[in-house]
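Structure record follows, encoded as structure tokens.
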Amino acid sequence: SAQRLEHRPARHAQHIPALLRLGALYAARRDRDPLPLWRRVLALEPQHAEAREALAQFYVEKVQEEDPQYGWFDRLRRRSTKENIALLHEGLRELPGHPLLLMEMGDLYAAMNKSKDARTYFIQAWEAAPQKPSVVAAAIHSLLHAGGGDIVTRLLPTVRQIPGLLAMFW
């Protein structure tokens, strides 16, 4: 199956479904880098939702990795917070304003007790996807933990405007 998928993009460099499936396979098996495949899809279709989500999720998973791969020193070294922030900045350069990356950046700053910076990223995530309940709920939760109750109060009226949102949500 993997061999067939690998040959299809080679023959048809613009076959997006094959590129996406192969990228997902590489990510699941963790034996090859899926980033070039998702980047190729985004070069063909810059707003391709599945490729954007897969790329953002990959960056988040790299940041949350317990034991990053560093060769012989795997067990001796972990990625520093500074390296994780740089990795997320790289992701945000590729996917400007992606709410998943912004939320993860806010979580990193919150873990460093930099509440003001954390709140900034949580607000950006909320503003990047104000109609997406999962992002808004995560931003509200994180803002409340980062001392942003006043911000939540100020932005709460926008939550009530989300179409199809259950009344119990707010």
Side-chain angles (χ1 to χ4, degrees), residues 16 19-20 23-24 26-28 30 33-69 77-170:
I16 290 175
L19 292 170
L20 291 171
Y26 286 0
R30 297 182 181 272
D33 186 6
L35 292 180
L37 299 170
W38 292 323
R39 287 177 179 144
R40 193 176 334 162
V41 171
L42 291 174
L44 297 169
E45 286 186 36
Q47 297 304 317
H48 194 283
E50 187 178 345
R52 291 176 62 79
E53 289 304 312
L55 187 57
Q57 186 62 45
F58 187 79
Y59 276 111
V60 168
E61 287 173 6
K62 291 297 258 183
V63 167
Q64 294 176 353
E65 240 174 7
E66 289 293 322
D67 298 311
Q69 301 298 310
R77 185 176 185 285
R78 290 213 164 145
R79 193 178 289 117
S80 70
T81 302
K82 188 176 181 178
E83 289 172 309
N84 283 334
I85 288 172
L87 191 60
L88 287 174
H89 276 298
E90 179 184 327
L92 285 167
R93 275 192 299 279
E94 285 189 77
L95 303 168
H98 196 287
L100 188 61
L101 298 173
L102 293 168
M103 287 298 299
E104 189 64 27
M105 188 72 87
D107 288 339
L108 278 177
Y109 279 103
M112 295 185 307
N113 291 321
K114 294 185 175 184
S115 296
K116 184 177 179 184
D117 293 326
R119 287 191 301 266
T120 299
Y121 282 105
F122 297 144
I123 293 168
Q124 287 178 21
W126 185 330
E127 291 171 345
Q131 298 295 308
K132 193 170 181 182
S134 61
V135 172
V136 172
I140 288 171
H141 176 84
S142 298
L143 279 166
L144 290 173
H145 283 282
D150 56 328
I151 298 166
V152 171
T153 302
R154 181 173 47 89
L155 292 175
L156 203 54
T158 65
V159 176
R160 294 185 179 116
Q161 297 170 6
I162 298 175
L165 188 66
L166 297 174
M168 295 183 305
F169 180 84
W170 49 270

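No experiment lies behind these values; they were computed from the predicted model shown.
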Find the distance between [atom1] ([X]) and [atom2] ([Y]) and round it off to the nearest 0.5 Å.
X: I140; Y: L143; atom1: CD1; atom2: CG; result: 8.0 Å
X: R93; Y: L101; atom1: CZ; atom2: CG; result: 11.5 Å
X: L88; Y: D107; atom1: CG; atom2: CG; result: 10.0 Å
X: L44; Y: I16; atom1: CG; atom2: CD1; result: 5.0 Å
X: W38; Y: E50; atom1: CH2; atom2: CD; result: 9.5 Å
X: F58; Y: L100; atom1: CZ; atom2: CG; result: 13.5 Å

### Query
Should L156 and V159 be marked as a side-chain contact (heavy atoms from CB on, under 4.5 Å) after you check the CA-CA gap, both sets of side-chain angles, and the distance that decides it?
CA-CA 5 Å; L156 203 54; V159 176; 4.0 Å; yes
For residues [X] and [Y], report the shortest heavy-atom separation together with the two atoms involved.
X: M103; Y: S142; value: CE-OG, 3.5 Å
X: A56; Y: H98; value: CB-CE1, 3.4 Å
X: V41; Y: A51; value: CG1-CB, 3.6 Å
X: L92; Y: M105; value: CD1-CE, 4.1 Å
X: G23; Y: L37; value: N-CD1, 3.5 Å
X: G149; Y: L144; value: CA-CD2, 3.8 Å

#### Entry: Minimum side-chain heavy-atom gap V136-L155 below 4.5 Å
no
Identify each donor-acceptor pair in which a side-chain atom of residues 108-125 lies under 3.5 Å from a protein atom, sequence neighbours left out, and give them as a table.
{"unit_1": "R119", "atom_1": "NH1", "unit_2": "A146", "atom_2": "O", "d": "2.7"}
{"unit_1": "T120", "atom_1": "OG1", "unit_2": "K116", "atom_2": "O", "d": "3.0"}

### Query
Are W126 and L102 close enough, and set up right, to give a side-chain contact (heavy atoms from CB on, under 4.5 Å), and what steps lead you there?
CA-CA 9 Å; W126 185 330; L102 293 168; over 6 Å; no
### Task
Could you walk me through whether Y59 and E104 pass side chain to side chain donor-acceptor pair (under 3.5 Å), step by step?
CA-CA 9 Å; Y59 276 111; E104 189 64 27; over 6 Å; no
### Residue pair K62, E90: steps toward the side-chain contact (heavy atoms from CB on, under 4.5 Å) verdict
CA-CA 12 Å; K62 291 297 258 183; E90 179 184 327; over 6 Å; no
